[in-house]
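Reviewing the structure listed below.
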Amino acid sequence: MIDNDNTTPAVSIVVPCRNERAHIEEVLQSILTQEAPPGGFEVIVADGLSDDGTREILIRMAGEDSRLSILDNPGAIVSTGLNAAIRMARGKIIIRMDAHTNYATDYVSQCVQLLSETAADNIGGPWIAKGEGRIGKAIAAAFQSSFANGGARAHDPNHSGPVDTVYLGCWRREIFDRIGFFDEELVRNQDDEFNLRLARNGGKIWQSVKIKSWYHPRESLRHLFAQYFQYGYWKALILQKHRLPASIRHVLPASFLLMLLVLLVSSVFSVTAFWVWLFLLGLYAAFNITASLLTAASSRWNLFFLLSSVFVIFHVAYGWGFLRGVMDFIILGRKPGPAYTALSRPSGDELIR
């Protein structure tokens with residue numbers, strides 16, 4: 001661990017990372033040049049034992065700026081990295097920031113100010129995607145669509161107010177003493193599970209459009225499928241732990257997919273089942289085409305045909321992952337295999353989040 005400053009900052013910024021050689025320097029430069037809130041800030045990077053040169057970059061940057069510290073994250077997933085960094089943090093306010101996200105220069109100062117103004121227990125900005133390339137742009141456009149995200153307010157770039165979960169997060173240090181840390185069993189969805197516990201303990205989660213950042217989504221359909229399959233899969237563990245889903249939208253894709261599968265099998269014995277199956281497929285296609293048209297109209301028309309495929313991947317991958325998670329965690333009680341914990345970005349260049 002490298003820690004070069006004995007002063008006590010007001011804010012601790014925690015950043016989980018692993019094998020981020022291509023991005024980590026740019027991200028940390030943007031974080032270190034943030035407008036400093038009263039009392040200043042420190043940056044703690046929890047490195048998941050990177051072996052691609054990331055560690056050497058971190059060591060060099062820590063030597064150049066005393067606000068930056070490094071610690072090992074042997075667990076190599078976001079939840080273990082966040083917990084280690086939070087335990088090391090000296091600030092009274094904790095702000096999570098990730099790689100593959102760009103931040104407005106006043107991101108930190110806005111978090112601190114609004115945390116006080118709203119009296120929230122967790123605050124953040126809208127989860128806004130900014131894609132690269134044609135596929136990345138289509139994924140980013142679909143990411144903001146209510147058809148893809150089930151109307152989640154955290155994806156609404158114009159929503160300020162209460163939410164059930166928020167992108168990244170900013171908390172007072174004592175909240176972790178009150179409800180505990182991030183669940184280290186979860187490879188994904190650890191933020192959703194934390195916010196679920198927070199809400200069920202009377203906590204207030206708030207989103208403000210004044211807190212601005214831009215997330216870089218996957219840039220291939222294959223990696224998008226892997227990402228959303230894992231999102232669905234690990235949501236099943238949250239269901240097992242808490243007995244109820246955090247939101248009905250979390251179970252809708254799986255419920256719809258299961259209904260289609262049951263009707264398809266039943267159609268072997270029943271003509272009625274076949275026609276109901278066909279009707280539901282047609283209904284989904286109609287919603288998909290409508291959502292693709294509306295999304296293309298608000299972004300780029302040349303994305304229209306690609307958007308239809310992206311929407312299908314969002315729903316099918318998530319729903320299938322959830323059903324598989326229910327089978328593994330709830331019905332069979334078995335541990336997940338490597339496919340459900342593997343990184344879904346190319347070259348393993350990011351911690352799963």
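We count residues from 1, following the sequence as given. Keep in mind the model is a prediction, meaning the values are calculated, not measured.
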Nearest heavy-atom pair of Asn195 and Asn122: which atoms, and what distance?
OD1-ND2, 2.8 Å

Going by the rule salt bridge (charged side-chain N to carboxylate O under 4.0 Å, His left out), which residues pair with Arg197 if we only count those two or more places apart in sequence or in a different chain?
Glu193

Would you say Glu26 has more than 12 foreign heavy atoms packed within less than 6.0 Å of its CD?
no

Under 4.5 Å between any side-chain heavy atoms of Ile139 and Glu219, yes or no?
no

Taking the six-membered ring where the residue is Trp, are the ring centres of Phe322 and Tyr233 under 6.0 Å apart?
no

Contacts of Arg334 meeting salt bridge (charged side-chain N to carboxylate O under 4.0 Å, His left out) (sequence neighbours excluded), chain-then-number -> Asp328

Would you please test His23 and His216 for side-chain contact (heavy atoms from CB on, under 4.5 Å) and show each step?
CA-CA 12 Å; His23 309 280; His216 295 288; over 6 Å; no

Check whether any side-chain heavy atom of Leu281 lies under 4.5 Å from a side-chain heavy atom of Leu260, and answer yes or no.
yes

Short question: side chain of Ser213, backbone of Tyr103 - any donor-acceptor pair under 3.5 Å?
no

Would you call Arg60 and Glu25 a salt bridge, using N to O less than 4.0 angstrom?
yes

Should Tyr107 and Leu168 be marked as a side-chain contact (heavy atoms from CB on, under 4.5 Å) after you check the CA-CA gap, both sets of side-chain angles, and the distance that decides it?
CA-CA 12 Å; Tyr107 184 92; Leu168 301 179; 3.6 Å; yes

Kindly write out the residues that satisfy salt bridge (charged side-chain N to carboxylate O under 4.0 Å, His left out) with Lys241, not counting sequence neighbours, or none if the list is empty.
Asp183, Glu185

All ring pair (Phe, Tyr, Trp, His ring centres under 6.0 Å) counterparts of Phe274, not counting sequence neighbours:
Trp277

Looking at side-chain heavy atoms only, is the closest gap between Thr54 and Cys17 below 4.5 Å?
yes

With Glu56 via side-chain hydrogen bond (donor to acceptor under 3.5 Å, both in side chains) - residues at least two apart:
none

Can a donor-acceptor pair be found, under 3.5 Å and without considering hydrogens, that links the side chain of Asn201 to the backbone of Gly203?
no

For residues Val15 and Ile31, determine if any side-chain heavy atom of one lies less than 4.5 Å from a side-chain heavy atom of the other.
yes

Name all residues meeting the salt bridge (charged side-chain N to carboxylate O under 4.0 Å, His left out) criterion together with Arg249; count only those two or more places apart in sequence or in a different chain, and write none if there are none.
Asp164

On a heavy-atom basis, which atom in Ala10 and which in Pro38 lie closest, and how many Å separate them?
CB-O, 3.4 Å

Test item: Ser50 side-chain N/O and Asp52 main-chain N/O as donor-acceptor pair under 3.5 Å
no

Are more than 12 heavy atoms, taken from residues, nucleotides or ligands other than Trp171, located less than 6.0 Å from that residue's CH2 atom?
yes

Looking at Arg21, I want to see if its CZ is surrounded by more than 12 non-hydrogen atoms of other residues, nucleotides or ligands under 6.0 Å.
no

Taking all atoms of both residues into account, what is the closest heavy-atom pair of Ile93 and Val112, and its distance?
CD1-CG1, 4.0 Å

CA sep, side-chain torsions, deciding dist, call: Lys235, Tyr318, side-chain contact (heavy atoms from CB on, under 4.5 Å):
CA-CA 9 Å; Lys235 271 291 194 307; Tyr318 188 97; 3.0 Å; yes

Distance-only polar pair, side chains of Asn189 and Trp234, donor-acceptor under 3.5 Å
no

Is it the case that the side chain of Gln207 and the backbone of Arg153 share a donor-acceptor pair, with hydrogens and angles ignored and the cut-off at 3.5 Å?
yes

Measuring only between side-chain heavy atoms, which start at C-beta, is Leu303 closer than 4.5 Å to Arg134?
yes

Is Ser79 reaching over with its side chain to a backbone N or O of Leu186, donor-acceptor style, under 3.5 angstrom?
yes

List in chain and number order the residues that pass ring pair (Phe, Tyr, Trp, His ring centres under 6.0 Å) with Tyr228, two or more places apart in sequence or in another chain; answer none if no residue qualifies.
Tyr231, Phe314

Which residues satisfy the side-chain contact (heavy atoms from CB on, under 4.5 Å) test with Ser12, sequence neighbours excluded?
Glu42, Ala89, Ile94

With Phe181, which residues qualify under ring pair (Phe, Tyr, Trp, His ring centres under 6.0 Å), at least two apart?
Phe176

Please determine whether ring pair (Phe, Tyr, Trp, His ring centres under 6.0 Å) holds for the pair Phe147 and Tyr284, giving the CA-CA distance in whole Å, both sets of side-chain angles, and the decisive distance to 0.1 Å.
CA-CA 11 Å; Phe147 182 61; Tyr284 178 82; 5.8 Å; yes

Please walk me through it: do His100 and Glu20 pass side-chain contact (heavy atoms from CB on, under 4.5 Å)?
CA-CA 9 Å; His100 293 282; Glu20 293 281 3; 3.3 Å; yes

Which heavy atom of His159 sits nearest to which heavy atom of Val209, and what is that distance?
O-CG1, 3.6 Å

Just jot down the side-chain contact (heavy atoms from CB on, under 4.5 Å) partners of Gln240, sequence neighbours excluded, or say none.
Leu237, Phe329, Ile330

is_close_aromatic(Phe143, His155), centroid dist under 6.0 Å
yes

Determine, for Arg55 against Asp72, whether the closest basic-nitrogen to carboxylate-oxygen distance falls under 4.0 angstrom.
yes

Measure from the side-chain N and O atoms of Arg172 to the backbone N and O of Leu115, and report whether any donor-acceptor pair falls under 3.5 Å.
yes

Any side-chain heavy-atom pair from Phe279 and Val276 closer than 4.5 angstrom?
no

Could you tell me whether the side chain of Gln110 reaches within less than 4.5 Å of the side chain of Val108, counting heavy atoms only?
no

Please table the atom pairs, donor to acceptor, closer than 3.5 Å between any side-chain atom in residues 286-296 and protein atoms at least two apart or in another chain.
residue	atom	partner	partner atom	Å
Asn288	OD1	Ser292	OG	3.1
Asn288	ND2	Ser308	O	3.2
Thr290	OG1	Ala286	O	2.8
Ser292	OG	Asn288	O	2.8
Ser292	OG	Ser308	N	3.4
Ser292	OG	Ser308	OG	3.2
Thr295	OG1	Ala291	O	2.7

Give the minimum heavy-atom separation between Leu71 and Met88, together with the two atoms involved.
CD2-SD, 3.2 Å

So which atom in Ala85 and which in Val14 form the shortest heavy-atom distance, rounded to 0.1 Å?
CB-CG1, 3.5 Å

Pairwise salt bridge (Lys or Arg N to Asp or Glu O under 4.0 Å) hits with a residue in residues 105-130, at least two apart:
Asp121-Arg178

Is there a donor-acceptor pair under 3.5 Å between the side chain of Ser220 and the backbone N or O of His223?
yes

A side-chain contact here means heavy atoms from C-beta on lying under 4.5 Å apart; do Leu82 and Arg96 qualify?
yes

